[in-house]
Amino acid sequence: MNKIVIIDDEPLAREVVKEYLESFPDMEVVAECNDGFEAVKAIAAHEPDLIFLDIQMPKISGFEMLELLEDPPAVIFATAFDEFAIKAFEANAVDYLLKPFSEDRFATAIRKYLEQRQESREKVTALVESVQRDAPLQRIVIRDGSKIKIVPLHEVIMLEAADDYVKIHTDGGVYLKKKTMSSFESGLPETQFVRLHRSYIVNISQITRIDPMEKENHVALLKAGNRVPVSKSGYQKLKACLDL
Amino acid sequence: MAQPLLAQRRFYLTYAIYWVLWVVIATNILEWYGMPGLPALFDSLITFVLLGLICILVCNILTYYEPSRDLILYLSVLAVIATVAWVFLDRAIVNPLLYRDTDFEKVLGKSLPVRLCVGFLNIGWMVLITLFWKRLETERDARDRQADMERISKDAELYKLRQQLNPHFLFNSLNSINALIHSKPDQARKMVQQLSEFLRGTLKREEYQLITLEEEFQYLKLYLDIEKVRFGHRLNAEFDTGEKSLEAMIPPLILQPLMENAIKFGLYGTTGEVTIRLKSHVADQYLVIAVMNPFEADMQTNKGTGFGLRSIRRRLYLLYGRDDLMEVSQEGNHFVVIFRIPQRYE
C-alpha cells in the first residue's frame with residue numbers, strides 16, 4: 001500500500017486528485033493539506049510514500065515546504081502555471097502535472113512513480129537545490145523544532161558554515177538549516193550579501209568597520225558585535241560591492 | 001507632414017503685396033528721374049515680376065535640394081547667380097521693348113550697381129526665409145512623430161496591462177471546473193458560463209472608454225463568484241457603496257487586479273476565513289475607492305504580489321498623468337489600498 005498526502009490550497013483541486021486515485025487500489029490518501037505548514041506536520045505524522053504538491057500556496061510555497069523536510073518523499077507536482085517551476089521540473093526530470101490534467105496524464109505520472117520510486121526522491125532533492133540556485137531568495141524558511149519560521153532577508157545578520165549545516169544568525173536568534181554555503185551564496189541577492197570568507201556570508205548593511213589583520217587579511221566588525229574574518233578574495237568582493 | 005513654404009496660400013498673398021509695393025516705389029523713382037509714366041510703370045512691372053519669379057525658383061531649388069556640406073558657400077553662389085541672371089535677363093527684355101534708341105538706355109546702365117543690390121538683398125531674404133521655414137517644419141515634424149510614437153507605445157502598454165489576466169486564475173479555474181464536472185455538473189456548467197462572461201469582459205473593453213462603477217462591480221462579482229468556487233467558503237466580499245458613487249465613471253477593469261491582489265494577500269497568506277471589504281464614495285470631484293483585506297503581518301509577501309498594484313499605478317499614470325492617485329497602507333492586520341479616480345462633471 002502506498003500512502004499519499006495531497007497538498008493544495010484549493011479543495012476542488014484536491015478533489016480531482018482523489019477522484020483520479022480511485023482507479024489505483026493500492027494508493028491510499030492519508031492526509032489532505034491546505035498549506036505548507038499543515039503539510040510539514042502531516043508528512044512527519046504519516047510518513048507518506050508520495051505527495052501531490054502545488055507550488056503557489058498560502059504561507060509558504062511548495063518548494064519552501066520541501067526544503068523543510070529532512071527526508072522528502074517522492075513528489076508529483078501539480079501546478080497551474082509557473083514558467084519558472086516548469087523549467088526546473090524539466091531540467092530535473094521530476095514528474096509534474098499541469099492543471100487541468102487528464103486522467104491519462106495522471107495515470108502516466110503514477111506509473112512513472114511506481115517504476116522509479118527511489119530515483120525520483122533523489123531527483124526531488126536535486127530539483128529543490130536547483131530552484132534555490134536559480135531564483136533569488138526573498139526570505140529564508142527555517143524549521144525550529146516543531147515551529148516554522150519565516151525570516152525576511154533584512155533580519156539576517158550573517159550565515160556561518162557548520163559541517164553539513166548553515167548557521168543562520170538573525171535578529172531573533174541563531175538557527176540551523178541543512179543547506180550548502182554555495183547555494184546560499186548564489187541565491188542571496190548580491191547587492192545585499194557578500195561572502196567574506198569560505199565560512200561566512202554577511203549582510204552588507206550589518207558591517208560597521210573593516211580592520212586590517214596580519215598580512216593581507218582583514219576582519220569585519222558587525223553591528224551585533226560579531227567579528228568576522230575576511231579573506232583576500234572576500235575583501236575584493238566587498239570592495240566591488242561597495243564600489244571602492 | 002511638413003508643408004513647404006510654397007504650398008501655403010497665405011504666403012502668395014503676402015508675396016504679391018510685397019512685389020506690388022516694389023513696383024510702386026520703383027515707378028515713382030523712375031518718374032522722379034524724369035521718365036514718362038507709362039514706360040516707368042511697365043519697366044518696374046516687368047523687372048519685379050521677373051524678380052518675384054526668380055525668388056520662387058530659388059525657393060523651390062532650396063526646398064528640394066539642400067547640400068549637407070558647404071551650405072553657406074552654396075547659398076551665396078546661388079544668390080549671386082540668381083541676382084546676375086535676373087539683372088541681365090531683365091535688361092535683355094526691357095531695353096529692346098521700351099527704350100530702343102533712347103537716352104534712357106545709357107542712364108539706366110549706370111543704375112546697374114543699385115539693381116544688383118536690390119536683387120541680391122531680395123534673393124538673400126528669400127533664401128533665409130525658405131531655410132528658416134524648412135527648419136521650423138522639420139522640427140514640427142519631429143515633434144509630431146515623437147508625440148505619435150509616445151501615444152502608440154502608451155496605447156500598447158495600456159493594452160498589455162489590461163490583458164495581463166493572471167494565467168494562474170485561468171488555469172486554476174479550469175481545473176476547478178474539471179473537478180466539478182464529475183461531482184456537481186450543474187455547478188460546473190455555471191462556472192463555465194461565469195468564466196466565459198468574465199473573459200469576454202476582458203476582451204471587448206476599450207481602454208479610454210470609461211464605465212460606471214456599477215458595471216465594474218458586476219464584473220467584479222463575477223470574478224469573485226469564480227474565486228469563491230475555487231476557494232470554497234473561505235472567501236467573502238462586502239461592497240459598501242456610498243451615495244452617487246455607483247454612477248461615477250472609472251476606467252474598466254481597474255478594480256479587478258486590486259481584488260486579485262487582495263485575494264492573493266488574504267487567501268494565499270492565510271488559511272482562515274477572509275473578508276474583502278470594498279468601500280466607495282464621491283468626494284471633491286473624485287471617486288474614492290478603498291479595498292481592505294486582512295493579512296498576517298508576520299508573513300513575508302509571496303513573490304509577484306506587488307505586480308497587481310504596480311500595474312494599476314502604471315495604468316492610472318498613463319490615463320491621468322498623475323502618480324498620486326493610489327495609496328497603499330497597513331492598518332493593523334489589514335492591508336488597505338485607496339485610490340481616487342478624477343471625475344469630470346459638466
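Convention: sequence-line order gives letters A, B, ...; per-chain numbering from 1. Predicted, not measured: the structure shown is a model, and the values here were computed from it.
- If you take CG on B:Asn175 and CG on A:Asp54, they are separated by 9.0 Å, rounding to the nearest 0.5 Å.
- Applying the ring-ring contact (aromatic ring centres under 6.0 Å, His included) rule to B:Phe217 yields the partners B:Phe239; only residues at least two apart in sequence or on another chain are considered.
- Annotation for B:Phe231 and A:Asp9: closest pair CE2-OD2, 3.5 Å, computed over non-hydrogen atoms.
- More than 12 heavy atoms of other residues, nucleotides or ligands sit less than 6.0 Å from atom OH of B:Tyr320.
- When the shell of 6.0 Å around CD of A:Glu47 is examined, it contains 12 or fewer heavy atoms from other residues, nucleotides or ligands.
- Residues of residues 183-197 of chain B lying under 4.5 angstrom from chain A, judged on non-hydrogen atoms, do not exist here.
- Taking CG of B:Asn178 as the reference point, atom CD of A:Glu15 lies at 12.0 Å (rounded to 0.5 Å).
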- request: Evaluate the side-chain contact (heavy atoms from CB on, under 4.5 Å) criterion for residues A:Leu12 and B:Arg230: first the C-alpha distance (whole Å), next the side-chain angles of each, then the deciding distance (0.1 Å), finally the verdict.
  value: CA-CA 7 Å; A:Leu12 286 170; B:Arg230 278 181 62 197; 6.0 Å; no

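- The neighbour count for A:Lys41 NZ, taken as heavy atoms of other residues, nucleotides or ligands under 6.0 Å away, does not exceed 12.
- Atom CG of A:Leu98 is separated from atom CZ of B:Phe171 by 8.0 Å, given to the nearest 0.5 angstrom.
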Let me have the donor-acceptor pairs involving side chains of residues 322-329 of chain B, under 3.5 Å, with sequence neighbours excluded, atom names and distances please.
from	atom 1	to	atom 2	distance (Å)
B:Arg322	NE	B:Asp324	OD1	3.1
B:Arg322	NH1	B:Tyr286	OH	2.8
B:Arg322	NH2	B:Tyr286	OH	3.3
B:Arg322	NH2	B:Asp324	OD1	3.4
B:Arg322	NH2	B:Asp324	OD2	3.2

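- Atom CE of A:Met1 sits in a crowded spot, with more than 12 heavy atoms from other residues, nucleotides or ligands closer than 6.0 Å.
- Taking OG from B:Ser173 and CD from A:Glu10, the interatomic distance works out to 7.5 Å, rounded to the nearest 0.5 Å.
- Listed by chain and residue number, A:Tyr20, A:Phe52 satisfy the ring-ring contact (aromatic ring centres under 6.0 Å, His included) test with A:Phe106 (two or more places apart in sequence, or in another chain).
- Rounded to the nearest 0.5 Å, atoms CG (B:Leu170) and NZ (A:Lys99) are 13.5 Å apart.
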